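These notes concern the structure reproduced below.
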Amino acid sequence: LQNPYGINFPLDTKISYKDNYQSTFEDLFNKNGKPKLFILGYYQCEAMCDAIREILFADLKANNDVKLGEDYEIIMLSIDHEETIGLAVEQEQIYFNRYFSDLPESSKKHILFTVSTKEEIEKLASKIGFEYRYNEDFEELKNKGRQKYDHPSFVYVISDEGMITSGSTSGRFSDNFLGMLKDAQENSPSMDFEELYSMTCLKGNIENENPQNAFNLVKFTSTWFVFNLVFIFSYNYLSRRKGS
């Protein structure tokens, strides 16, 4: 992920959603002042983008300070151009029933799962610095856990005017969710970083070695920590034994 600070979201991206087959994101923005929580992933992903949706929706349901349709709306765009609008609508219903069944059915209009063409998806992803990759060996290796796409897991917070103001790699907004929404309502970016690496659906070799280096560092420090614990306990035990 590249720095999304203050980027104007490409509202001219052509999309299809619900009963609208030839629309753009302009139809969804500059309407009601409500911040948008935007997810890029694909609906049939069984790894991180499925997990981040579950985490996000669960956190939103548990947050009594905000309400779907009054304080925010949720938008998702599939990076898989082969996924259909029918699948998107089906997923909308599943997530609404799972997490917002206590709300009236009319609130479902505030969850918008969209699809688009390969060209439009690539253009949008490039604009906001979201890199993903199609795995050509997916069909061959899917029984071994290969996902169709490798991609970051990230939720963007976007103002109704179309500016990316903040976001989260994990989907856990509980700590500062109200602050994020306030910044979005004021069209004021609150995130600034040069480069972001986040959890992905990667299963095989990756070009960017930074996440692997970080993982190796965690393994090393964890091993060193355990070694020190063993040494301390062993030393204390032997000391007590010698004293007795």
Side-chain angles (χ1 to χ4, degrees), residues 1 4 9 15-20 23 25 27-29 31-80 83-116 130 132 147-149 151-160 164-185 191 198-201:
L1 286 172
F9 191 76
I15 57 170
S16 297
Y17 66 98
K18 298 190 187 298
D19 295 326
N20 303 278
S23 302
F25 280 118
D27 297 334
L28 310 180
F29 285 78
K31 303 295 182 185
N32 51 25
K34 296 178 177 58
K36 322 298 181 189
L37 307 181
F38 180 70
I39 309 167
L40 267 173
Y42 62 107
Y43 304 120
Q44 294 181 312
C45 175
E46 298 176 351
M48 284 309 302
C49 65
D50 179 62
I52 199 173
R53 283 200 302 271
E54 298 289 348
I55 294 171
L56 173 65
F57 277 73
D59 277 351
L60 294 174
K61 177 178 176 59
N63 194 325
N64 296 322
D65 295 325
V66 295
K67 187 175 181 180
L68 174 69
E70 294 184 6
D71 302 292
Y72 64 89
E73 295 180 318
I74 302 171
I75 301 174
M76 179 170 176
L77 173 64
S78 173
I79 58 175
D80 185 355
E83 292 191 321
T84 65
I85 191 171
L87 175 61
V89 172
E90 177 184 308
Q91 289 288 303
E92 284 178 355
Q93 189 67 54
I94 289 173
Y95 277 87
F96 181 80
N97 292 343
R98 185 177 298 168
Y99 294 101
F100 298 108
S101 58
D102 56 325
L103 298 179
E105 187 73 13
S106 59
S107 297
K108 192 174 66 174
K109 67 183 179 182
H110 300 294
I111 300 177
L112 302 156
F113 284 5
T114 69
V115 296
S116 189
F130 183 97
Y132 64 96
Q147 296 296 315
K148 190 172 183 179
Y149 289 90
H151 64 88
S153 292
F154 194 76
V155 179
Y156 295 87
V157 180
I158 309 175
S159 74
D160 189 49
I164 298 175
T165 57
S166 62
S168 171
T169 57
S170 68
R172 292 195 175 277
F173 289 99
S174 53
D175 292 339
N176 190 33
F177 187 50
L178 291 177
M180 289 180 171
L181 291 182
K182 183 176 182 295
D183 291 332
Q185 289 167 348
M191 177 192 297
S198 77
M199 301 175 70
T200 70
C201 291

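If you're wondering where the values come from, they're calculated on a predicted model, not measured in any experiment.
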Whether [Y] and [X] form a salt bridge (side-chain N of Lys/Arg under 4.0 Å from carboxylate O of Asp/Glu) is what I want to check.
{"X": "Glu70", "Y": "Lys34", "result": "no"}
{"X": "Lys148", "Y": "Asp80", "result": "yes"}
{"X": "Asp160", "Y": "Lys36", "result": "yes"}

[Y] and [X], any side-chain heavy atoms less than 4.5 Å apart:
{"X": "Tyr156", "Y": "Phe9", "answer": "no"}
{"X": "Ser159", "Y": "Gln185", "answer": "no"}
{"X": "Ile15", "Y": "Leu112", "answer": "no"}
{"X": "Leu60", "Y": "Leu37", "answer": "yes"}
{"X": "Asp27", "Y": "Phe25", "answer": "no"}

Q) Taking atom types as modelled and ignoring hydrogens, do the side chains of Asn32 and Glu73 form a donor-acceptor contact shorter than 3.5 angstrom? A) yes
(Q) If we count only N and O atoms by modelled type, under 3.5 Å, do the side chains of Gln93 and Lys108 hold a donor and an acceptor together? (A) yes
Q: Taking salt bridge (charged side-chain N to carboxylate O under 4.0 Å, His left out) as the test, write out the residues that go with Glu90, two or more places apart.
A: none
(Q) Looking at every non-hydrogen atom in both residues, tell me the closest pair between Asp71 and Lys67 and how far apart they are. (A) OD2-N, 2.7 Å
(Q) Restricting to non-hydrogen atoms, name the atom on Ala88 and the atom on Val115 that form the minimum distance, rounded to 0.1 Å. (A) CB-CG1, 4.2 Å
Q: Just jot down the side-chain hydrogen bond (donor to acceptor under 3.5 Å, both in side chains) partners of Tyr43, sequence neighbours excluded, or say none.
A: none
**Q.** Sub-6.0 Å ring centroid separation between Phe154 and Phe130
**A.** no
Q: Can you sort out the partners of Tyr99 under ring-ring contact (aromatic ring centres under 6.0 Å, His included), two or more places apart, ordered by chain and number?
A: Phe57
Q: Test Ile158 against Thr165 for side-chain contact (heavy atoms from CB on, under 4.5 Å), laying out the working first.
A: CA-CA 6 Å; Ile158 309 175; Thr165 57; over 6 Å; no
Q. Within a radius of less than 6.0 Å around CG of Asp102, do more than 12 heavy atoms belonging to other residues, nucleotides or ligands occur?
A. yes
Q: Begin from the C-alpha positions of Met76 and Phe38 and carry the test side-chain contact (heavy atoms from CB on, under 4.5 Å) through to its verdict.
A: CA-CA 6 Å; Met76 179 170 176; Phe38 180 70; over 6 Å; no
